[in-house]
Enquirer: 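First, the structure itself, so that you have it in front of you.
All heavy atoms count here, side chains included; hydrogens, waters and symmetry mates do not. Note on naming: letters A, B, ... go to the chains in the order of the sequence lines (proteins, then strands), and numbering restarts at 1 for each one.
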Amino acid sequence: MPLFGTLELAGAAAAAPVMPSLDTAPLLVEEATVVQAAYEIDSVATQSSLPSALHATNPPTLSLMAMRVADSPIGPISMAEVRIGCRCGGVPRNFLVGAIVAEAAAAEALSSRWGYRCLPGTVAISVRADRTEVVVGAEHGEVLRFSLMDPRPLAAADVWYGGNVNLASTPRGVRLVHVEPTITIRRADRGTTRIDHFDPGAFGDPLIRATHPILASVAVADVTFPALKVLNQPDVPPPLGVELIE
Amino acid sequence: MKFGVFFELSVPRPFTPGIEKQVYDHALEQARLADQLGFDQLWAVEHHFLEEYSHCSSPEIFLTACAMSTKHIRVGFGIATCVPQYSHPVRIAERTATLDIISNGRVEVGTGRSGTWTELGGLGADPDETKATWDEYVRVLPKMWMQERFSWSGRSFSMPERAIIPKPVQKPHPPMWVACTSPGTELEAADRGLGALGVTLGTTIDVQEKHAAEYRRRIQQCDPVGAFVNEQVNNLGFLFCHEDVSYAAETGNRFANLFGYLGGSNLSARQVYPTPSYHTEGLLPALRAQPVAIDEHGIAESRTIGDPDRLIRVIKRWESAGIDRINFILNTAESVPQQEVLDSMRLFAREVMPAFGVFPPEPAAIAGEEG
């Protein structure tokens with residue numbers, strides 16, 4: 001069997017957001033700018049970054065995802081996620097290490113309804129003809145700056161988005177919450193990617209080390225955060241430990 | 001209907017000293033038995049870096065060992081990866097021709113382009129280009145085998161005139177196939193006059209029947225890349241045959257599901273590399289997308305797992321769906337004891353294969369009296 005994660009759960013659980021209910025209504029966010037960049041990361045460190053219900057992809061991957069929307073039912077959203085590519089059983093997922101969300105209302109909704117571990121900060125997405133740049137700041141300064149360069153247009157079907165598993169404290173206890181937003185692309189580009197600055201500790205995991213850039217995409221898309229359907233016990237490898245939400 | 005075996009050479013963790021050798025030794029023993037029992041063909045994959053799932057990165061060497069220890073069974077590259085960063089086309093032509101000589105004309109040449117970032121990224125290949133390079137390779141390989149001297153000016157490679165040697169025993173050249181994992185690839189095989197080497201597990205018989213029919217229609221108007229049209233549809237399945245259907249279900253499903261689980265750990269190109277070139281996410285998502293009927297024993301309707309009667313029924317259905325051959329994965333990561341794998345093969349040869357007109361060339365092998 002693959003090597004499952006060894007994340008020390010008690011510490012991670014203490015930092016997990018609290019979800020008072022699992023009865024979450026879908027949320028449609030229209031015309032969001034969505035930037036996604038993939039990198040390979042150090043394999044040894046990755047194992048200690050994942051809970052024992054999950055195992056890393058081969059090779060281990062880092063997914064940086066940023067989203068900006070001017071308005072939505074929960075107000076404007078500017079967020080940047082740091083995620084580790086993983087498998088929950090055979091299901092492709094990304095384990096959310098942490099998300100910096102600029103707006104307090106959006107952060108509160110994302111954490112309480114979908115289990116996003118939201119941290120305060122700033123997120124700026126700059127889309128230019130020759131590059132798209134994402135700059136993320138926290139209390140102590142800039143914590144992430146990455147770019148998509150030389151954009152080339154893509155068809156909507158060419159881009160793939162993986163869903164999240166978010167560690168959260170739920171009414172059933174600490175669980176991995178499966179969140180697989182539906183992303184309907186209006187237009188998209190892809191390009192090479194580069195990280196200029198990354199402080200993974202600011203997102204909650206100082207061990208992540210990007211070793212090899214893969215590719216990035218930027219899209220204008222309608223994003224639906226879904227009703228929740230599936231949870232996993234974070235310390236039980238699937239298919240055991242899977243819980244359905246009726 | 002013909003039957004074959006398909007080797008991924010999956011290796012269980014922990015990777016203790018000797019475990020890879022055990023996997024290879026067991027596979028070679030299975031190959032020898034398959035030959036004695038009347039299986040028509042064996043295939044070996046080419047995969048790189050796919051820990052646990054497949055430790056078969058040099059199939060030409062494994063296949064040579066198989067050829068040297070068998071007499072009748074055909075030996076297939078399932079597949080030779082037609083991407084420059086994996087192999088120059090000249091090297092594929094040379095390797096396959098050499099094995100054709102050593103095996104005395106028993107080689108089958110499957111072609112494909114790889115689907116994982118694990119492999120493509122590791123070898124520095126450009127996912128946008130693999131379809132084009134595969135297409136170029138399948139067009140030049142027959143020329144390399146048949147022409148006394150060969151030169152080329154193309155997209156993925158160019159070369160001055162050279163004698164590409166040795167030449168294969170089979171004339172005009174060995175049969176060529178395409179690995180069909182993405183919907184529509186069977187039509188690309190048909191357009192080129194190539195065999196459809198189905199390597200997608202778990203699809204329903206109805207879906208495969210539709211694909212096979214489309215392939216057969218399309219190949220009637222093909223522009224063959226080789227010297228002949230190889231109109232054949234191969235399918236892939238798991239084999240576990242046992243008199244006790246419940247035991248067969250438990251054991252067969254266990255290793256089949258483990259195979260899917262290990263395969264799902266690999267990173268498909270689509271998941272990290274946005275491109276028009278890869279529109280499928282890989283094996284597991286494709287399987288999950290299809291509703292599969294499960295019988296009263298808990299076995300998916302299309303799976304070749306069960307007692308002999310069930311297997312005959314399932315394979316008859318595959319046969320009526322237009323499938324010419326089924327290749328079987330026999331084990332995953334040593335999760336089934338080798339003796340049970342061999343017993344399963346023998347029972348299959350004794351009770352199932354005769355129903356399809358296949359009889360062992362060495363009957364004593366059925367009783368476990370093979371050399």
Enquirer: Looking at B:Leu50, B:Asn266, B:Thr118, which makes the most heavy-atom pairs under 4.5 Å with chain A?
Expert: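 Looking at each of B:Leu50, B:Asn266, B:Thr118 in turn, B:Thr118 comes out on top.
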Enquirer: In Å and rounded to the nearest 0.5 Å, what is the CE to OG distance from A:Met1 to B:Ser335?
Expert: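 Nearest 0.5 Å value for the CE-OG distance: 10.5 Å.
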Enquirer: Do other residues, nucleotides or ligands put more than 12 heavy atoms under 6.0 Å from B:Lys210 NZ?
Expert: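 Check fails, neighbour count at 12 or below.
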Enquirer: Checking the side chain of B:Gln271 only, and the main-chain atoms of A:Trp160 only, is there a donor and an acceptor separated by less than 3.5 Å?
Expert: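 Between the backbone of A:Trp160 and the side chain of B:Gln271 there is no qualifying donor-acceptor contact (under 3.5 Å).
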Enquirer: Under the side chain to side chain contact (heavy atoms under 4.5 Å, CB included) criterion, do B:Leu267 and A:Arg87 qualify, and how do the steps go?
Expert: CA-CA 10 Å; B:Leu267 191 62; A:Arg87 299 290 184 258; 4.1 Å; yes
Enquirer: Can you tell me how far CG of B:Leu120 sits from CD1 of A:Ile214, rounded to the nearest 0.5 angstrom?
Expert: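 One gets 11.0 Å once the value is rounded to the nearest 0.5 Å.
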Enquirer: Name the region of A:Ala157, side chain, backbone, both or neither, that has any atom closer than 4.5 Å to a heavy atom of chain B.
Expert: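 Both parts, backbone and side chain.
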Enquirer: For A:Thr57, which atoms come within 4.5 Å of any heavy atom of chain B: side chain, backbone, both, or neither?
Expert: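 Both the backbone and the side chain of A:Thr57 come within 4.5 Å of chain B.
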Enquirer: Between chain A and each of B:Pro12, B:Pro14, B:Gly122, B:Pro276, count heavy-atom pairs under 4.5 Å; write down the option with the most.
Expert: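 Winner by heavy-atom pair count: B:Pro276.
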Enquirer: Flag the one option from A:Pro59, A:Ala155, A:Ser63 with the top tally of heavy-atom pairs under 4.5 Å to chain B.
Expert: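 Ranked by contacts with chain B, first place is A:Pro59.
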Enquirer: Can you tell me how far apart CG (A:Asp158) and CZ (B:Arg270) are? Round to the nearest 0.5 Å.
Expert: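 A:Asp158 CG to B:Arg270 CZ: 7.5 Å, rounded to 0.5 Å.
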Enquirer: Mind listing the closest non-hydrogen atom pair of A:Gly90 and B:Tyr261 along with its distance?
Expert: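 Smallest interatomic distance, heavy atoms only, reads N-CE1, 4.1 Å.
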Enquirer: Extract all donor-acceptor atom pairs below 3.5 Å that involve side chains of residues 224-237 of chain A and protein atoms in other chains or at least two apart in sequence.
Expert:
unit_1: A:Asn232; atom_1: OD1; unit_2: A:His178; atom_2: NE2; d: 2.7
unit_1: A:Gln233; atom_1: NE2; unit_2: A:Glu243; atom_2: OE2; d: 3.2

Enquirer: Counting neighbours of CZ on B:Arg13 that are heavy atoms of other residues, nucleotides or ligands and sit closer than 6.0 Å, is the number greater than 12?
Expert: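 More than 12 heavy atoms, drawn from other residues, nucleotides or ligands, come within 6.0 Å of this atom.
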Enquirer: Charged N to carboxylate O under 4.0 angstrom, A:Arg190 versus B:Asp128?
Expert: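 Yes, A:Arg190 and B:Asp128 are salt-bridged.
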Enquirer: Could you have a look at B:Tyr278, B:Tyr273, B:Phe49 and say which one has the most heavy-atom pairs with chain A under 4.5 angstrom?
Expert: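 It is B:Tyr273.
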Enquirer: Where on A:Glu40 is there a heavy atom nearer than 4.5 Å to chain B: the side chain, the backbone, both, or neither?
Expert: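 The side chain, not the backbone.
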